[in-house]
Amino acid sequence: MAMTRADANRAFLPEEVGQLIIQPVQRESIAFQTATDVPTSAGTFRIPIVAEDPSAEWVAEGEEITPSDAELDEEVVTPAKVAGLTVITRELAEDSSPAAAQLVGLGIARDIARKIDAAFFGNLPAPAPTGLAGLTGVQEVDAGQAWTNLDPFAEAISRAETAGATLTAFVGNPADALALTELKEQTGSNKPLLTPDPTMPTRRMIQGVPLYVSPAVDEGTVWGYDKERVHVVRREDTTLAVDYSAFFTSDRVAVRATMRVGFGFPHKASIIKISLSE
């Protein structure tokens, strides 16, 4: 980590990067919340894939067992750099109060988290990594022209199970989450069709699967996936830098954070895209 002043706030020292940047990003980012977080110190991370299992057979006692090999493959993930920059007053930068440092860290973390989610659920151009919207081979469920019931989600769960996966999250746009929340059990009833999570009253459940909300998801689309089969690969070289020179004339300080993140989707058939018809 680079600094231009020796008397910069201790809150910006390297040992504080985890508390100020990494942990807040993990809390703010829906991608981190719903996928498997994989830290790595390498430039690339390889996810092994069993393309075809070895075959077993029934044999009589004493008979030879025919050997077979598993067909192995791998997905190579190269984390790309995502950066956040904020400008604060010198007084705030030099404040020794933990609350001041936390305020700065949260602001940068929210910025980075938004960009990670935009890439994870979208299909942004390079250097951003390929996200869900850019994948081929995912399963698709047509939900009709409007959200009227939860049948498409039951179908999504079934399709994932057929592929050998168990959905652990649905993620949709806030507008779609609202429309689903407003569905009632029957005409004239005020009881919502979605079930609450007893352990988290504010979280919504669809067929027992948590529904998360992110504005990074396109309106009219809900993604369903198994956390164990979706990876957010995070390089361990997250940095936080403070510079007093860039905004010298206004007596302000630039604070920059960088993370390197990539996504791994080794089992695309277990990812379900539920979409409204256009």
Side-chain angles (χ1 to χ4, degrees), residues 21-37 80-86 103-135 138 140-148 150 152-153 156 167-183 192-194 196-197 200-206 209-227 230-234 257-259 261-265 271-278:
I21 302 298
I22 297 175
Q23 294 171 12
V25 167
Q26 291 170 328
R27 291 194 300 268
E28 293 284 339
S29 169
I30 297 299
F32 270 106
Q33 292 178 38
T34 58
T36 298
D37 179 9
K81 182 171 72 174
V82 56
L85 179 70
T86 188
L103 179 64
V104 175
L106 286 177
I108 302 176
R110 284 192 294 268
D111 187 27
I112 292 178
R114 281 191 293 265
K115 292 187 173 56
I116 291 174
D117 284 354
F120 182 82
F121 294 107
N123 184 24
L124 303 182
T130 300
L132 290 170
L135 299 180
V138 303
E140 298 190 25
V141 174
D142 185 353
Q145 295 184 341
W147 304 111
T148 57
L150 302 183
F153 299 92
L167 296 189
T168 56
F170 287 119
V171 186
N173 185 278
D176 296 303
L178 175 61
L180 290 167
T181 302
E182 291 177 340
L183 293 178
L193 196 56
L194 298 190
D197 183 348
M200 298 180 63
T202 59
R203 186 164 68 177
R204 292 150 288 195
M205 307 281 285
I206 300 179
V209 179
L211 171 64
Y212 295 83
V213 174
S214 173
V217 179
D218 290 336
E219 190 170 343
T221 296
V222 176
W223 292 98
Y225 46 85
D226 183 342
K227 181 175 184 175
V230 174
H231 300 78
V232 177
V233 181
R234 171 178 52 85
T258 61
M259 294 182 72
V261 175
F263 311 131
F265 307 102
I271 300 171
I272 316 297
K273 180 181 181 181
I274 308 167
S275 301
L276 294 178
S277 305
E278 297 183 358

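What's counted below: heavy atoms across the whole structure, side chains too, no hydrogens, waters or symmetry copies. Residue numbers count from 1 along this sequence.
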field: Minimum heavy-atom distance Ala257-Ile21, with the two atoms named
entry: CB-CD1, 3.8 Å

query: Which atom pair, heavy atoms only, marks the closest approach of Val232 to Ala35?
result: CG2-CB, 3.8 Å

query: How far apart are the closest heavy atoms of Ala143 and Trp147, and which atoms are they?
result: CB-CZ3, 3.5 Å

query: Out of curiosity, Met259 CE to Gln26 CD, how far, rounded to the nearest 0.5 Å?
result: 7.0 Å

- request: State, to 0.1 Å, how close Ser214 and Val171 come at their nearest heavy-atom pair, and which atoms those are.
  value: CB-CG1, 4.2 Å

message: Looking at every non-hydrogen atom in both residues, tell me the closest pair between Ala177 and Val213 and how far apart they are.
response: CB-CG2, 3.5 Å

Separation of Leu132 CG from Thr221 OG1 (nearest 0.5 Å): 10.5 Å

- line: CZ of Phe265 to NE2 of His231, rounded to nearest 0.5 Å, is 10.5 Å

query: Hey, what do you get for OG1 (Thr168) to OH (Tyr225), rounding to the nearest 0.5 Å?
result: 7.5 Å

message: Would the distance check show the side chain of Asp176 and the main-chain N or O of Glu219 forming a donor-acceptor pair, the cut-off being under 3.5 Å?
response: no

task: Report the residues that fulfil salt bridge (Lys or Arg N to Asp or Glu O under 4.0 Å) with Asp142, sequence neighbours left out, ordered by chain and then residue number.
output: none

query: Looking only at heavy atoms, what is the nearest atom pair of Phe170 and Ile206, with distance?
result: CE1-O, 3.8 Å

task: List the steps and the verdict of side chain to side chain contact (heavy atoms under 4.5 Å, CB included) for Phe263 and Thr130.
output: CA-CA 7 Å; Phe263 311 131; Thr130 300; over 6 Å; no

query: Between Thr36 and Lys227, is there a donor-acceptor pair closer than 3.5 Å when you use the side chain of the first and the backbone of the second?
result: yes

query: Distance-only, no hydrogens or angles: does the Asn173 side chain make a donor-acceptor pair with backbone N or O of Asp218 under 3.5 Å?
result: no

message: Rounded at 0.5 Å granularity, tell me how far CG in Leu180 sits from CZ in Phe153.
response: 4.5 Å

query: Are the side chain of Gln33 and the backbone of Arg27 linked by a donor-acceptor contact shorter than 3.5 Å?
result: yes

- prompt: Only one of Val261, Val25, Asp117 clears side chain to side chain contact (heavy atoms under 4.5 Å, CB included) with Ile112; which?
  reply: Val25

task: Could you grab the distance from atom CG of Leu150 to atom CE of Met205, nearest 0.5 Å is fine?
output: 12.5 Å

